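Since this is a predicted model, take the numbers as computed values, not measurements. In what follows, residues are counted from 1 in the order of the sequence shown. Order of listing sets the numbers, starting from 1, for every ligand and every atom in it.
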Amino acid sequence: MIDIRDVTFYYYEPDESEANAGHRPVLSNVSLSIEPGEFVAFLGRNGSGKSSLSRLLNGIELPTQGTVLTLGRMTANRNDLQDIRRAVQIVFQNPENQQVGITVGEDIAFGLSNIGWPQEDITRRITWAIELVGLDADEDRPVTHLSGGEKQKLALAAVLALSPRCLILDEATSMLDPAARRQFIETLNKVRKEYPVTLIYITHHLEEVMDADRWFLFQGGKIAAAGTPAELELDSALLKECGVELPYYRQLAIQLRGHGVPVSAKLNGEELRGLLCKSD
Ligand SMILES: Nc1ncnc2c1ncn2[C@@H]1O[C@H](COP(=O)(O)OP(=O)(O)OP(=O)(O)O)[C@@H](O)[C@H]1O
């Protein structure tokens, strides 16, 4: 599905001019593959290169060196770029930066009319997308009347309407309050059941990606490690180096196991709390 080989990326071509002396690549020799339908998380400190790599995946940016293959096509090949951009959709941190319509319906319709869908199909698709994300708003509702959480659901609806094969969420919950964040995650889980998609999730909130298939830990523009959450969560030194912090319940479960308390590695916060309240 996605195959990245030896990618090095500079926002500006490196040169020897004084202004760029000491200029470092944002990504250095990154290689990774993501299988169709996988749910992976990109984790790491601010500035470690996660968003830059996601922009390389759909060809918003092109690698300075190396190759990015998406759906078997190279992003550097101009003829394939339009299909790649359609197949790999990104939901960004701030939904307002993504909104292009005045109403909910216009917003969802924008991308579809750009790729030439007939109006009657667009109308049906708008209804489908609103229902899929459970947006409690009709298509005539002005976008400015939506809450932050609803705006982010609309951003999700607008990209899903385009039938992407791969969805990238780039800190999509970071502007939401805790309740809206939980609701957005519930929506996403429901959407993934109805509309299976390869999911790349960028976040600083690890509780959102504890059930990911794999984590990629970024450090200074490189992949420091890749593996399942169960494999990587035990390496506390590595997580610390990469600026990644486990949810409190996971840290507690690891400590309890270290003291011989038989706590399953798969418990979530509520289950662990329930177990502790039951024990005497
Ligand atoms: N458009 C840009 N032009 C120039 N440099 C950029 C641009 N976008 C990002 N950078 C730089 O690239 C580096 C990597 O940034 P990137 O946004 O990819 O990191 P990140 O891991 O996603 O960080 P965060 O968690 O803060 O979103 C940073 O040093 C950043 O300043």
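Atoms of ligand 1 found under 4.0 Å from any heavy atom of Ser52 (numbered from 1 in listed order, with element): 14 (C), 15 (O), 16 (P), 18 (O). Annotation for ligand 1: atoms under 4.0 Å from non-hydrogen atoms of Ser48 are 19 (O), 20 (P), 21 (O).
A 6.0 Å sphere centred on CZ of Arg165 holds no more than 12 heavy atoms belonging to other residues, nucleotides or ligands.
Summary of contacts: the protein heavy atom closest to atom 17 (O) of ligand 1 is Ser51 CB, 3.7 Å. What sits closest to atom 26 (O) of ligand 1 on the protein, heavy atoms only, is Asn46 ND2, 2.8 Å.
Remark: distances from the non-hydrogen atoms of Arg55 to ligand 1 include one below 4.0 Å.
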Does the salt bridge (Lys or Arg N to Asp or Glu O under 4.0 Å) test come out yes or no for Asp83 and Arg86, once each step is laid out?
CA-CA 5 Å; Asp83 287 344; Arg86 193 172 148 193; 5.8 Å; no
Could you give me the CA-CA distance, side-chain angles and deciding distance for Arg78 and Asp80, then say whether salt bridge (Lys or Arg N to Asp or Glu O under 4.0 Å) is met?
CA-CA 5 Å; Arg78 278 179 177 277; Asp80 289 331; over 6 Å; no
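The presence of a protein heavy atom under 4.0 Å from atom 30 (C) of ligand 1 is ruled out. The presence of a protein heavy atom under 4.0 Å from atom 12 (O) of ligand 1 is confirmed.
For atom 3 (N) of ligand 1, the nearest non-hydrogen atom from the set Tyr11, Phe42, Phe218 comes from Tyr11. Closest heavy-atom approach to atom 14 (C) of ligand 1 among the candidates Ser54, Gly44, Gly47, Pro25: Gly47. When the heavy-atom distances from atom 27 (O) of ligand 1 to His204, Lys50, Glu171 are ranked, the shortest goes to Glu171.
The side chain to side chain contact (heavy atoms under 4.5 Å, CB included) check on Arg182 picks up Pro178, Ala179, with sequence neighbours excluded.
The side-chain heavy atoms of Glu171 and Phe92, taken from C-beta on, include no pair separated by under 4.5 Å.
When hydrophobic side chains of Ile, Leu, Val, Met, Phe, Trp and Tyr are connected at separations under 4.5 Å, Val100 ends up clustered with Phe110.
Within the 4.0 Å heavy-atom criterion, the part of Arg45 lying near ligand 1 is the backbone and not the side chain. Under 4.0 Å from ligand 1, the heavy atoms of Val26 that appear belong solely to its side chain.
In this structure, Tyr195 and Trp128 have perpendicular ring planes: the angle between them is above 60°, well past the 30° mark.
Ring centers of Tyr201 and Phe42: at least 6.0 Å apart, outside the cut-off.
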